[in-house]
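All remarks here apply to the structure that follows.
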Amino acid sequence: PKYLYSNTRSIFVHDAENLQSKQLDSMHKDNGTIEINSTACKSIKNLLKLLIHELYHSLETDISSKYTDLYSATVNEYRANKTKILDKIKSDPRLEKPSRYYYGIIHYDSGFDDYLVNRITYPVLFNRITDLFSTPYALTSISEYIAIGFEVFLFENKEWVHIYNPMLYKLIDSILKTI
């Protein structure tokens, strides 16, 4: 549907060295361009997941204003789930304790991203998130939480989203019903 790509001017699928250097598979840019690194596309399903992920990013401002109540409830759900994960990390004496600052942020923060990727590491996180987040990257920000929620909802297991992230499920379901 046109709505999905209304904020997108162009989509490039290519061997994107600029993305590889940042360790990214895809990116939505403010100018309306979506870039997808072709080396990250192992299958059509993977390509579509990356595209849906970036299309969500292109629409997130519209979505947050159009679905205000559901978006706010999803933010609260994200905060609660993030707090549960950070509390699990905090209680594990083997892991570096999270900063109190990390609990409150919902938008992307490079310090929090560095903490998750380099200090805790995604493999360690993966064992602590499976009942609240589908991937460690979804913990990074509300934006990634919703974008990855779209991927899981559409391509993997929407029942998982319904069970573990009910407000996210309602938001995605409402968006898709209006398309």
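FYI, the numbering just counts along the sequence from 1. Note that the structure is a prediction, hence the values are computed from the model and not measured.
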Got a donor-acceptor contact below 3.5 angstrom from the Asp109 side chain to the Tyr102 backbone? no
Do Ser143 and His57 come close enough that some side-chain heavy atom pair is under 4.5 Å? yes
Treating Thr121 as the side-chain partner and Asn118 as the backbone partner, does any N or O pair qualify as donor plus acceptor under 3.5 Å? no
Step by step, would you call Met167 with Asn76 a side chain to side chain contact (heavy atoms under 4.5 Å, CB included)? CA-CA 9 Å; Met167 294 315 303; Asn76 291 336; over 6 Å; no
Evaluate whether atom CZ of Arg9 has more than 12 neighbouring non-hydrogen atoms of other residues, nucleotides or ligands under 6.0 angstrom away. no
If two hydrophobic side chains count as joined below 4.5 Å and joins carry through other members, does Leu47 share a cluster with Phe12? no
side-chain hydrogen bond (donor to acceptor under 3.5 Å, both in side chains) evaluation trace for Ser26 with Glu35: CA-CA 5 Å; Ser26 58; Glu35 271 191 275; over 6 Å; no
For the side chain of Thr33 and the backbone of Lys29, is there at least one donor-acceptor N/O pair under 3.5 Å apart? no
Asp87/Tyr103 under side-chain hydrogen bond (donor to acceptor under 3.5 Å, both in side chains): CA gap, chis, key distance, verdict: CA-CA 9 Å; Asp87 284 348; Tyr103 279 80; 2.7 Å; yes
Please tell me if the side chains of Tyr137 and Tyr122 come closer than 4.5 Å, counting only heavy atoms from C-beta onward. yes
Does Tyr5 reach the side chain of Ser58, with side-chain heavy atoms less than 4.5 Å apart? no
Check against side chain to side chain contact (heavy atoms under 4.5 Å, CB included), Asp25 and His53: CA-CA 11 Å; Asp25 293 336; His53 184 103; over 6 Å; no
Over 60° means perpendicular and under 30° means parallel, so classify the ring planes of Phe112 and Tyr115, tilted if in between. parallel
Evaluate Gln20 against Asn37 for side chain to side chain contact (heavy atoms under 4.5 Å, CB included), listing each step before the verdict. CA-CA 8 Å; Gln20 288 175 4; Asn37 189 352; 2.9 Å; yes
Below 4.5 Å, heavy atoms only, C-beta onward: do Leu125 and Ile89 meet side chain to side chain? yes
Specify the closest pair of heavy atoms between Ile148 and Ala138, including all atoms of both residues, with the distance to one decimal. CD1-N, 3.5 Å
Determine yes or no for a side-chain-to-main-chain donor-acceptor pair under 3.5 angstrom, with Lys170 supplying the side chain and Ala73 the backbone. no
What is the distance from atom CG of Asp15 to atom CD1 of Ile36, rounded to the nearest 0.5 Å? 13.5 Å
Could you check if a side-chain atom of Pro136 sits within less than 4.5 angstrom of a side-chain atom of Leu116, using non-hydrogen atoms only? no
Working to the nearest 0.5 Å, report the span between CZ of Arg100 and CG of Leu86. 11.0 Å
Quick one: pull up CG in Leu59 and OG1 in Thr8 and give me the separation to the nearest 0.5 Å. 6.5 Å
Going by ring-ring contact (aromatic ring centres under 6.0 Å, His included), name the residues that satisfy it together with Tyr145, two or more places apart in sequence or in a different chain. Tyr78, Phe133
Hey, could you give me the NZ/CG distance between Lys158 and Leu154, rounded to the nearest 0.5 Å? 8.5 Å
Side-chain donor or acceptor of Ser134 paired with backbone N/O of Thr130 under 3.5 Å: no
Heavy-atom distance under 4.5 Å between the side chains of Ile146 and Glu60, does that happen here? no
Could you tell me whether the side chain of Glu54 and the main chain of His28 form a donor-acceptor pair under 3.5 Å? yes
ILVMFWY cluster, Tyr101 and Ile106 together (side-chain gap under 4.5 Å): yes
Examine the side chains of Ser72 and Tyr67 and answer whether a donor and an acceptor come within less than 3.5 Å of each other. no
Taking side chain as C-beta onward, heavy atoms only, is Phe155 less than 4.5 Å from Lys45? yes
Angle class for the His162/Tyr169 ring planes (parallel below 30°, perpendicular above 60°, tilted otherwise)? perpendicular
Below 4.0 angstrom, N of the basic side chain to O of the carboxylate: do Arg128 and Asp92 qualify? yes
Could you give me the CA-CA distance, side-chain angles and deciding distance for Lys177 and Asp173, then say whether side chain to side chain contact (heavy atoms under 4.5 Å, CB included) is met? CA-CA 6 Å; Lys177 283 180 179 173; Asp173 189 52; 3.0 Å; yes
Where is the tightest heavy-atom contact between Ile129 and Thr135, given as atom of each residue plus distance? CD1-C, 3.2 Å
Do NZ/NE/NH1/NH2 and the carboxylate oxygens of Asp131 and Lys88 come within less than 4.0 Å? yes
Can you tell me how far CD1 of Ile163 sits from CG of Asn157, rounded to the nearest 0.5 angstrom? 7.5 Å
So do Ile63 and Tyr56 actually touch side chain to side chain, heavy atoms under 4.5 Å? yes
Between Met27 and Leu24 the two heavy atoms that sit nearest each other are CE-CD1, 3.4 Å
With sequence neighbours left out, which residue pairs that include part of residues 61-79 fulfil the salt bridge (Lys or Arg N to Asp or Glu O under 4.0 Å) condition? none
Got a second to check how far Lys90's NZ is from Lys97's NZ, nearest 0.5 Å? 9.5 Å
